[in-house]
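Index from 1, following the sequence.
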Amino acid sequence: MLAIVIPYYKFIFFDKTLQSLENQTNKNFKVFIGDDNSPESPLSLIEKYNGSIDLVYQKFDTNLGGISLVQQWKRCVDLVQDASWIMILGDDDCLSNTAVAEFYENINTIIENNIKVVRFSSQIINDKEEKLSDVFHHPLFETTNDFFYRKYKGITRSSLSEYVFEIEKLKNNFFHDFPLAWHSDDLAVLECSNFKTIYSIKDAIVLVRISNFSISGRTDLIAEKQNASKQYYQRLLYHYANRLDKQNLQLIFRKVEYFFYPNKSFSEYIQLTYLHLNYLGVWSVLKFNRRIFKNRNLS
């Protein structure tokens, strides 16, 4: 069975989210709503949709999302029982009517190819339901190295709501607790797929809402997002360099170096030099040191 988990906090678009689940042509799923002690009670909507959607609602006594979104996601996922696959849907995002049906139409291919991460097409909308982008489609089978490169270069986009994970794989590779959970979903996609293959379903769309109410749409969190990006790229380099191809390693080295230069340390310099030598060779070490010279005063 497919579990759809919704970490709830904002009421403003929640009706649209639940309506999109009510409209599913295949009802073989169960919804688990974890209320992050929100001041905006969703009970009127829970009652409205309780007859048409198989759902479980849990209000938590404390707010965790303000401290750690990942911890809030974790306790929501812990509500799930008797499911093999899981989707974590934002409380302002929506599914096209055939999303669940398309998932089950593809399930045999997914299992036969030992796929652990499935992705729907996606489209950006705003708070007025206006479409801000074309639909983002993806290759049917895509290596994680190709996915990383396309997202890094801005060729595609990605957010948590459009993914379905094999539940045991997700529980064993749960989201890393980056600030604001920024890049936490990106890393989970790579880890849960074991840095191998993502399977894409083209004919169903997740509508991802970007607004002033969403972290993605807010412009006052730049420092936190930068810190999360630093941690994300460092984790990729220091823990998974052997799973990345040369092209992506070069991109990640540059990102890690970008964060290294303003606060240089000798220990990190040694670590980066070793990784350059081990994965990219002597010439890469020389070019790295030339960049170091341009950013003098290593401390």
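In summary, the aromatic rings of F259 and Y233 are positioned with their centroids too far apart to meet the 6.0 Å limit. Taking the six-membered ring for Trp, F165 and W85 have ring centres at least 6.0 Å apart. Between W182 and Y232, a ring centre-to-centre spacing not shorter than 6.0 Å is recorded.
Ion pairing of K59 with D36 is absent here, as no side-chain N (NZ or NE/NH1/NH2) approaches a carboxylate O to less than 4.0 Å. Classification of K10 and D91 as a salt-bridged pair holds, one side-chain N sitting under 4.0 Å from a carboxylate O. At a threshold of 4.0 Å, the pair E166-K171 does not count as salt-bridged, since none of the basic side-chain nitrogens sits closer than that to a carboxylate oxygen. A salt bridge does not link E191 to K169: none of the charged side-chain nitrogens sits closer than 4.0 Å to a carboxylate oxygen.
Between I198 and the options L140, V117, L190, I115, a side-chain contact (heavy atoms from CB on, under 4.5 Å) holds for only V117.
Looking at residues two or more places apart in sequence or on another chain, you find a side-chain contact (heavy atoms from CB on, under 4.5 Å) between D146 and E142, T143. The side-chain contact (heavy atoms from CB on, under 4.5 Å) test applied to L79 returns F32, Q58, F60, not counting sequence neighbours.
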Give the table of side-chain donor-acceptor pairs shorter than 3.5 Å for residues 275-282, with sequence neighbours excluded, one pair per line with atom names and distance.
unit_1 : atom_1 : unit_2 : atom_2 : d
H276   : ND1    : S284   : OG     : 2.6
H276   : NE2    : E257   : OE2    : 2.8

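Put simply, L64 and I6 are part of two different groups of oily side chains (I, L, V, M, F, W, Y) that touch within less than 4.5 Å, one to the next.
For the pair H183/S229, a side-chain contact is recorded, criterion being any heavy-atom separation below 4.5 Å from C-beta on. Residues D177 and Q71 form a side-chain contact, since some pair of their non-hydrogen atoms from C-beta on lies under 4.5 Å apart.
Judged by distance alone, the side chains of K116 and N114 do bring a donor and an acceptor atom under 3.5 Å apart. No hydrogens or angles considered: nothing links the side chains of E47 and S44 as a donor-acceptor pair under 3.5 Å. Y163 and D185 share no side-chain donor-acceptor pair at under 3.5 Å.
Although no hydrogens or angles enter the test, the distance criterion places no donor-acceptor pair under 3.5 Å between the side chain of S122 and the main chain of V206.
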